[in-house]
Protein chains: 2
Amino acid sequence: MTDLGVSTSGARRRPPSQADVAALADVSSQTVSRVANGRANVDQATRERVLSAMRILGYQRNSAARALALGRFHMLGVITFDLSAHGNARTLAAISRAAQAAGYSVNVACAEEQTETAVQQAFSKLSGQAVDGVVVIEAQILDRQGLRLPPGVPVIVADGDPEHRFSSVDNNQAAGAVAATRHLLDLGHRTVWHVAGPQDSYSARRRAAAWHATLKEAGAAVPPLRLGDWTARSGHRIGAELAARDDVTAIFAGNDHMALGIMLALHEAGRRVPEDVSVVGFDDVPEAAYFIPPLTTIRQDFEEIGRQCVSLLLDQIDAGGGVATKLVTVPPLLTVRATTAVAPATG
Amino acid sequence: MTDLGVSTSGARRRPPSQADVAALADVSSQTVSRVANGRANVDQATRERVLSAMRILGYQRNSAARALALGRFHMLGVITFDLSAHGNARTLAAISRAAQAAGYSVNVACAEEQTETAVQQAFSKLSGQAVDGVVVIEAQILDRQGLRLPPGVPVIVADGDPEHRFSSVDNNQAAGAVAATRHLLDLGHRTVWHVAGPQDSYSARRRAAAWHATLKEAGAAVPPLRLGDWTARSGHRIGAELAARDDVTAIFAGNDHMALGIMLALHEAGRRVPEDVSVVGFDDVPEAAYFIPPLTTIRQDFEEIGRQCVSLLLDQIDAGGGVATKLVTVPPLLTVRATTAVAPATG
DNA sequence: ACCGCTCATGTTCGCGCAAACATTCGTCGC
DNA sequence: GCGACGAATGTTTGCGCGAACATGAGCGGT
């Protein structure tokens, strides 16, 4: 009895419109519109007649027509680069959920490369005429002065806007890096080596800076910064070099995957974790608890980041532009597992 | 000289329309439309005048109006569940890229739960009135007979449609599982244990079935199937049980993350990989090569899956429905690393 | 010189929706 | 008892675009 009128016959027909519902329910299409939008000023009996007609025809409102009439799309754009990066994928999922809850849908543009043109293209595809606002996830590229985003489109940047040209939602990268470094120092390590992410990533730079500052403040020597590219592969390469040095007893990796590579290199070089060398990661990917040994790391709350992005963006959209840029910070959490231990006795 | 007319002043104005461009270029708005769509029948001089006017005003066509006029949205919907699953995220990224290349954008709906209602809701949000077609990624839920998708919307299922009610793009799960099992058997193991993914996943079922068949065919004993849930955590739990049994010398895990958990459990129980127990995973996540030891696994080509999904979907859209369902299979690849070795000499 | 053709361009119209305005009631106050 | 009001509903209109059709200019063949 539910989908009576949904003819299943061959040719693709025009889906039912308000007018069709109106005809069936014997009201004007405006009344259908009112019912569809939950307006109060419709008689109960009429409303039910309309609702039933909708059900019979399988009516769904045409979002394009709605967008055209309203000038609002009820759609958010998300620009991202690498969805194989765990954090980005998680953030996207959270954004999608939060947006759905607010009645928005999400249009993803996955830019291949981190070039200005690629971003600008992705952006112009989305912007202005198709979405009400945009979230840019981890846009290392936003650093570059050259990037000019069209004005008038609300933009939120997740984790990547060093100059605060846009509103942004950030992990408190500094706090996380400080916690990691302090944790190792407190364990008695003379100093802490840092294998950082690529320096065109603002997150990576902030983690590195906080690590540097924490060492300085503690009066510890500051070893040279080692630069990876977020991959386990780069961690493995750098880890091999670090493993060769006896004076390395504590390593803070820029993310969990690099930590994994480092641990493999250490293992291959016969240096035990955590007895000889302590390792801390960053992200707390779900598998981190099952590395060998389970990884001490900094947990990021991606769900919260996604929620905040959407909430900030919606505020900005509703305010109709001209809002001061805001910065929301989500605190990370040190999660101690089995890769960190007190410093080995000094030979 | 590029964005002259893009006034940066306060209030949000209506973005420029074809009519505005037409007025500036002193042509009809239809001519602007023709230029915007790259039609041939426009004089070169006129075309340039229009293009320059577009540039000056920063014109972008309104996708809602376009969709309304054309009855086509140039947008694909993607329904997915868990973006923290590596494969899903990768597939989504590939779909997004392929869609963009074809001039489509991608609307993601990330359903929270795998319930029929959740899917149906996500689906109806997207369907009919907002997208031209839908890709469902790994929809374990499609199994259930109860699920009724609205007719008339082209649907492609990535890796999850056991009854072939829709066109789908699949990994050749069977081939992968056979390769994994054979590989272990060839190494001299008497039999192979399988830690499968949850059995409401079609992929998981197919892998398990192929493992079973391969053992049978080889005349090997078929150990009881162990059921995990794709997480490293479940792998760890089951791994602990398996580690306690001396007769377990070869394990085929349903995915790399469970393999990781299994390896940790083995390690904790003092059983060496690969000397005592060989392990094979499935997926080849980027970190698999850096597990301790590096994991032998089955590589899936997510890029290709994404591309195929889009290509199939576009075909179906262009054909206007009424096409026979197709099944495209993407072959996986056995990648041998360090977790597999010849069977230990039998005590 | 005239017909018939092609090509560039203009005009009209409708896609489906909701805002704004118009209309019809019934109801309340004095 | 009559005007003022408000609630339910209908009518008109335009959002921006492109299909379909109309126009008009230029050109070749006979």
Side-chain angles (χ1 to χ4, degrees), chain A residues 12-51 53-54 57-75 103 127-132 320, chain B residues 12-51 53-54 57-75 103 105 127-132 152 320:
Chain A
R12 184 132 60 149
R13 304 123 311 138
R14 182 179 56 75
S17 72
Q18 274 187 359
D20 301 327
V21 176
L24 181 58
D26 197 30
V27 294
S28 75
S29 87
Q30 183 59 226
T31 300
V32 178
S33 166
R34 283 192 266 257
V35 171
N37 290 301
R39 291 274 192 289
N41 52 347
V42 177
D43 188 77
Q44 190 56 30
T46 311
R47 177 185 308 275
E48 267 157 26
R49 210 144 32 90
V50 170
L51 285 174
M54 284 180 173
L57 295 177
Y59 170 76
Q60 289 170 261
R61 68 178 159 209
N62 182 319
S63 63
R66 184 178 158 80
L68 183 59
L70 253 39
R72 288 267 299 265
F73 298 85
H74 291 278
M75 180 140 93
S127 79
Q129 305 287 312
V131 297
D132 301 314
Chain B
R12 185 133 59 150
R13 305 123 311 139
R14 182 179 56 76
S17 72
Q18 275 186 358
D20 301 326
V21 176
L24 180 57
D26 197 30
V27 294
S28 76
S29 86
Q30 182 57 223
T31 300
V32 177
S33 166
R34 283 193 265 258
V35 171
N37 290 303
R39 292 273 193 290
N41 53 346
V42 177
D43 187 76
Q44 189 57 29
T46 311
R47 178 186 306 275
E48 267 157 27
R49 211 145 30 95
V50 170
L51 285 174
M54 283 179 172
L57 295 178
Y59 169 76
Q60 290 169 258
R61 65 176 161 210
N62 183 319
S63 63
R66 185 177 156 81
L68 183 58
L70 252 38
R72 289 267 299 264
F73 299 85
H74 290 278
M75 181 140 93
S105 60
S127 79
Q129 307 286 313
V131 298
D132 301 313

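What you see is a predicted model; the values in this text were computed from it and never measured. Atoms considered below: every heavy atom in the structure, side chains included; atoms not considered: hydrogens, waters and symmetry mates. Chain naming here is simple, since letters A, B, ... match the order of the sequence lines and numbering starts at 1 in each.
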>> Is the shortest side-chain heavy-atom distance between A:N37 and A:R66 below 4.5 Å?
In response: yes

>> For B:S63, give me all partners under side chain to side chain donor-acceptor pair (under 3.5 Å), at least two apart in sequence or on another chain.
In response: none

>> The criterion is side chain to side chain donor-acceptor pair (under 3.5 Å); which residues satisfy it with A:Q30, sequence neighbours excluded?
In response: none

Heavy-atom pair of closest approach, residues [X] and [Y]:
X	Y	result
A:A64	B:L68	CB-N, 4.1 Å
B:V32	B:V50	CA-CG1, 4.1 Å
A:A130	A:M75	O-CE, 3.7 Å
A:A53	A:V21	CB-CG1, 3.8 Å
B:P16	B:L57	CG-O, 3.3 Å

> Using the C1' atoms of the five pairs at each end, what is the angle between the end axes of the helix from C:dA1-D:dT30 to C:dC30-D:dG1, to 10°?
Replying inline: 40°

>> Reading DNA chain D in the 5' to 3' direction, which nucleotide is the first one with an atom under 4.0 Å from a heavy atom of chain B, and which is the last?
In response: D:dG16 to D:dA20

> Which pairs with one or both residues in residues 25-47 of chain A pass salt bridge (charged side-chain N to carboxylate O under 4.0 Å, His left out), sequence neighbours excluded?
Replying inline: none

> Quick check: does any side chain N or O of A:D132 sit under 3.5 Å from a backbone N or O of A:F73, one acting as donor and the other as acceptor?
Replying inline: yes

>> I need a per-nucleotide contact map over nucleotides 9-14 of chain C, read 5' to 3'. Cutoff is protein heavy atoms under 4.0 Å; write B for the base, S for backbone only, - otherwise.
In response: BBB--B

>> Does B:L70 reach a base, just sugar-phosphate, or nothing at all? Heavy atoms under 4.0 Å.
In response: sugar-phosphate

> What's the CZ-C1' distance between A:R72 and C:dG16, to the nearest Å?
Replying inline: 19 Å

